Each structure stands twice: as C-alpha cells, then as structure tokens.
Amino acid sequence: MGVEMRYTARMKIKADLVVKNASQVFTSAGSPESPVVVEGGSVAVAGGLVAWVGKTERLADDVEVGPEAMVIDAAGGVVTPGFVDPHTHAVFAGSRPLEFEWRLSGRSYLDILADGGGILATVNAVRQADEDQLVRESLPRLDRMLEFGVTTCEVKSGYGLDVENELKLLRVARKLASLTPMRILPTFLGAHTFPPEFRDDHDKYVKLVIEEMLPAVVEEGLALACDVYVEKGVFDVDQAEQILRAATDSGLGIHVHAGQFVDLGGPEMAAGMGASSVDHLDVVSDEGLAAMARSGTVAVMLPGAAVSLGQKPPRVDRFLEAGVTLALATDLNPGTSYTENLPLMAFLSVTSMGLPCSAALLAITRHAAKAVGLKEPEGTLAPGARADLLIHDVSDWREILYHFGVTHVSKVLIKGKPVAGPRAS
Ligand code: NIG
Ligand code: FE
C-alpha cells in the first residue's frame with residue numbers, strides 16, 4: 001500500500017441505562033480542591049457499573065443507547081454518587097429521650113453510662129427484643145437513610161454484649177440487607193462497653209470477646225469488620241489492641257471509636273494496625289494525625305454526636321494540614337446522634353468545622369467509601385464504579401449543603417437500577 005492510512009474508529013460505549021440532561025454531574029473524582037464537575041452532563045451505565053460520564057452534547061457520539069436501554073431524564077437536576085454512611089448503630093430497640101433531657105440540663109454522657117444508663121439502657125432493650133422486633137424497628141431507619149440518598153451504609157452491633165445478643169444484632173443486619181436495596185456493611189462491636197455482668201472483671205470480658213464472640217461472628221460470616229470503643233472508663237488501648245489483633249487475624253477489617261472525650265492514643269494504635277478508619281476524633285494529638293496520614297487511615301468525623309452532646313465539633317484545619325483523609329457519618333444511634341440525615345452532617349461540617357463544600361461532598365461519597373474499606377473508584381462516578389447514583393432536585397451541587405435539613409433526592413439508582421425513593425416515580 002502506497003499511502004499508509006491510519007485512523008482509529010471510535011468505538012461507542014454500549015449502555016443499558018442513561019441518565020441525561022443533568023445541570024451538573026458531581027463525580028467525586030479529582031481532588032477535594034478541584035473536584036470533577038461536568039456542567040450539562042450525562043452518565044451512561046453498563047452492567048451495573050458506570051461506563052461513561054460526559055457532556056450531554058457528546059452522548060450521541062460516544063454512547064450507543066440501544067432500544068432496550070432505559071433513559072432517565074435528570075431534567076436539569078444534579079447527579080452525584082450515592083452517599084455512603086460509614087458509621088451507624090442503626091440496629092437497636094427503643095430510644096432514650098429522658099437521657100437527652102438530662103444531658104441538656106448538664107449530666108455528662110460518661111456519667112450516665114457509668115450509672116448503668118446510656119449504651120447499657122439500649123443493651124437492656126435489645127436483650128429483651130426478638131429479631132422480628134429489631135427488624136421492625138430498624139427498617140424504617142434504613143428507609144429514612146435512603147430518602148437522604150444513602151446507598152451504602154455501615155451498621156455496627158454493640159448493644160448485645162454477650163454472644164447470643166451480638167449474633168442476634170448481626171443476624172438482624174443481615175436480614176435487613178435482604179429487605180433494602182441499600183448495601184449494608186456489618187461491623188462487630190462487641191467491645192462497645194462492659195456489660196453489667198462483667199462490671200468488676202473487664203479483662204474477663206475482653207477474653208470473652210476474643211475467644212467466644214469474635215469466633216462465632218466469623219464462623220457465621222456475619223461481619224466484615226470489627227470496632228472497639230476506646231475511651232476513658234471504657235476500653236483502654238491495650239485491650240483494644242488485643243481485640244483488634246484477633247479481628248485482623250480472622251480476616252476482618254478494623255475501625256476504632258477514639259477521641260470522643262479523651263485522647264488515649266487510640267489513633268496511633270489503630271493506624272499502626274492498618275485500621276481503615278478512626279472515628280469521632282473530637283480530641284486527637286498531632287502524633288495521632290501523623291500516624292493516620294502515614295497509614296492512609298480515614299478520619300470519620302461525627303458532628304451529629306458532637307452537637308448533640310453540646311460539644312463544638314472540631315475544626316478540620318489540623319487534619320487537612322496533616323494530610324488525613326476526611327469522611328463524615330451520622331453515627332445514627334439512640335444516645336448521641338439520633339439522625340439518619342447524612343447531608344445534614346455535611347452541612348455541619350462546612351458551617352462549623354471549616355470543611356470546604358467540595359470536600360464535604362467527597363466526605364460522604366468517595367472518602368466514606370474508603371473509610372469502610374471499599375476500593376477506588378467506589379464512591380465516585382468514574383468509569384468502573386458501581387452505578388449507585390442520585391438525582392437531586394437542585395441545579396447547583398452546593399445547594400445540597402446550602403439548603404439544609406431536607407432531602408433533595410428525587411431518584412436513587414443502585415447498581416444501575418432505579419429503586420423506590422422518597423419521591424421517585
Ligand atoms: O459512637 N460512643 C460510643 N458509641 C456511640 C453511642 C452509642 C450510644 O450512646 O448508644 C457513639 O457515639
Ligand atoms: Fe458510634
């Protein structure tokens with residue numbers, strides 16, 4: 001051949017679902033400082049995964065939308081990844097409104113716990129409830145989370161505190177996962193506090209967690225991760241380390257509640273063990289932050305718990321300077337943070353913690369996915385990510401934060417399929 005002809009035929013992406021005509025697609029890709037936002041965008045999905053994101057005007061050229069494909073008109077709304085709530089205690093029985101009032105009049109959370117209330121009040125209620133009751137009480141919470149756009153949610157046990165009742169809570173979490181389209185990631189939190197039976201022998205309870213509870217949880221495949229509440233009067237760093245070592249030896253991921261009131265050095269210990277997250281961190285040392293930055297451990301901030309306890313949520317400047325990845329969670333529980341509203345946590349983070357707006361949306365999508373141990377590109381709308389996405393009834397992504405306290409979600413897609421949302425048709 002005399003003349004070499006070189007051209008590349010552009011292969012079109014074959015989509016089975018397209019969301020088009022968004023005013024903006026906030027992809028959660030890019031950096032917190034310059035997130036990738038496609039103005040006038042669309043998203044194409046194939047096989048339950050994001051296949052393409054781009055300008056709506058490029059859609060016809062780049063994507064083959066066959067006759068069977070579903071086309072959803074975002075009608076000028078904003079598209080984001082589904083929200084990920086990386087820290088909840090969503091399975092529990094009863095509630096504690098009186099305690100709320102006591103705390104407002106000055107009693108401290110740790111005092112109430114030391115007197116057998118707090119977490120232990122919910123432990124009593126859970127021990128008396130059967131699985132059906134727990135499912136009945138917990139499912140509406142998950143429904144409300146979905147209304148706020150949560151498509152993946154971590155759920156902890158921790159209100160059973162004996163073998164039978166910890167297993168019961170995790171079995172309920174498994175049952176709930178079959179009743180909701182949300183992805184539920186269960187965490188074993190047998191070390192949430194010491195039950196009354198072990199009030200005077202804490203080391204014996206630690207032994208029970210390690211030698212009986214954890215193996216039973218692992219045997220039934222009921223949890224993906226293990227968590228410990230490291231706090232003054234609860235578990236110390238040494239006890240937590242023993243439990244978490246046993247958990248990693250059994251193949252579980254690890255999270256830690258630390259620095260809610262007192263910094264005992266939990267972040268350094270957890271980071272050193274490769275924890276995927278350390279949560280609360282209302283008080284944390286520079287060494288703790290440096291250790292977390294080194295290990296890539298995500299800081300999960302819980303502003304709902306802080307404000308509910310009358311604390312000022314921490315400023316994030318030190319976290320960002322140290323290079324720590326920040327996520328946000330509701331911490332949904334009947335004591336310190338009784339809310340299903342994850343975007344409200346993002347609002348609190350930008351108004352009282354100093355998080356930039358774009359970083360707050362990353363904190364409830366991509367960074368929250370990292371906190372629960374999901375791999376990139378989960379929590380984003382980059383090609384290859386699970387196609388969990390939301391259409392919000394707003395025309396600028398900042399309105400998701402700015403117009404606070406309500407849900408703007410009009411449609412939820414999970415694995416590329418529309419699910420019945422609050423106002424979904
Ligand atoms: O993360 N601080 C420990 N655990 C929960 C509260 C649980 C409760 O009070 O029921 C939290 O805030
Ligand atoms: Fe918690």
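Both counts, for ligands and for their atoms, begin at 1 and track the order of listing. All figures in this text were calculated on a predicted structure; none of them were measured in a lab.
- Atoms of the protein (N, O or S only) found under 2.8 Å from the Fe ion (ligand 2) are His87 NE2, His89 NE2, His257 NE2, Asp331 OD1.
- Looking at Thr122 next to ligand 1, no N or O pair under 3.5 Å apart turns up.
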Could you walk me through whether Arg183 and Thr152 satisfy the side chain to side chain donor-acceptor pair (under 3.5 Å) test, starting with their C-alpha distance in whole Å, then the side-chain angles of each, then the deciding distance to 0.1 Å, before giving a yes or no?
CA-CA 5 Å; Arg183 169 165 52 186; Thr152 295; 3.1 Å; yes
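- Separation of the Phe235 and Phe194 ring centroids falls under the 6.0 Å cut-off.
- In the model, Asp85 has a side-chain atom that pairs as donor or acceptor with a side-chain atom of Thr330 under 3.5 Å.
- Taking every heavy atom of His87 and a limit of under 4.0 angstrom, the matching atoms of ligand 1 come to 1 (O).
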For the pair Glu154 and Lys156, evaluate salt bridge (Lys or Arg N to Asp or Glu O under 4.0 Å) and give the outcome as yes or no after the intermediate values.
CA-CA 7 Å; Glu154 189 259 13; Lys156 300 176 195 297; 2.8 Å; yes
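- Between His280 and Tyr229, the angle of the ring planes lies from 30° to 60°, which puts this pair in the tilted group.
- Ring-centre distance between His257 and His89: below the 6.0 Å cut-off.
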Any chance you could lay out the ring pair (Phe, Tyr, Trp, His ring centres under 6.0 Å) test for His403 and His408, step after step, and finish with the verdict?
CA-CA 9 Å; His403 185 171; His408 299 286; 4.7 Å; yes
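- Remark: distances from the non-hydrogen atoms of Tyr159 to ligand 1 include one below 4.0 Å.
- Atoms of ligand 1 found under 4.0 Å from any heavy atom of His192 (numbered from 1 in listed order, with element): 3 (C), 4 (N), 5 (C), 7 (C).
- Shown in contact with Ile119 at under 4.0 Å from a heavy atom are these atoms of ligand 1, numbered in order with element: 7 (C), 8 (C), 9 (O), 10 (O).
- Residue Arg96 approaches ligand 1 through these ligand atoms, each under 4.0 Å from one of its heavy atoms: 8 (C), 9 (O), 10 (O).
- The one candidate from Thr80, Leu381, Thr380 that meets the side-chain contact (heavy atoms from CB on, under 4.5 Å) condition with Thr27 is Leu381.
- Remark: Glu220 pairs with Arg171, Arg174 by the salt bridge (charged side-chain N to carboxylate O under 4.0 Å, His left out) rule, at least two apart or across chains.
- Those atoms of ligand 1 that come under 4.0 Å of a heavy atom in Tyr229, given as number and element, are 2 (N), 3 (C).
- In summary, the atoms of ligand 1 found under 4.0 Å from a heavy atom of His280, numbered by their order in the structure, are 1 (O), 2 (N), 11 (C), 12 (O).
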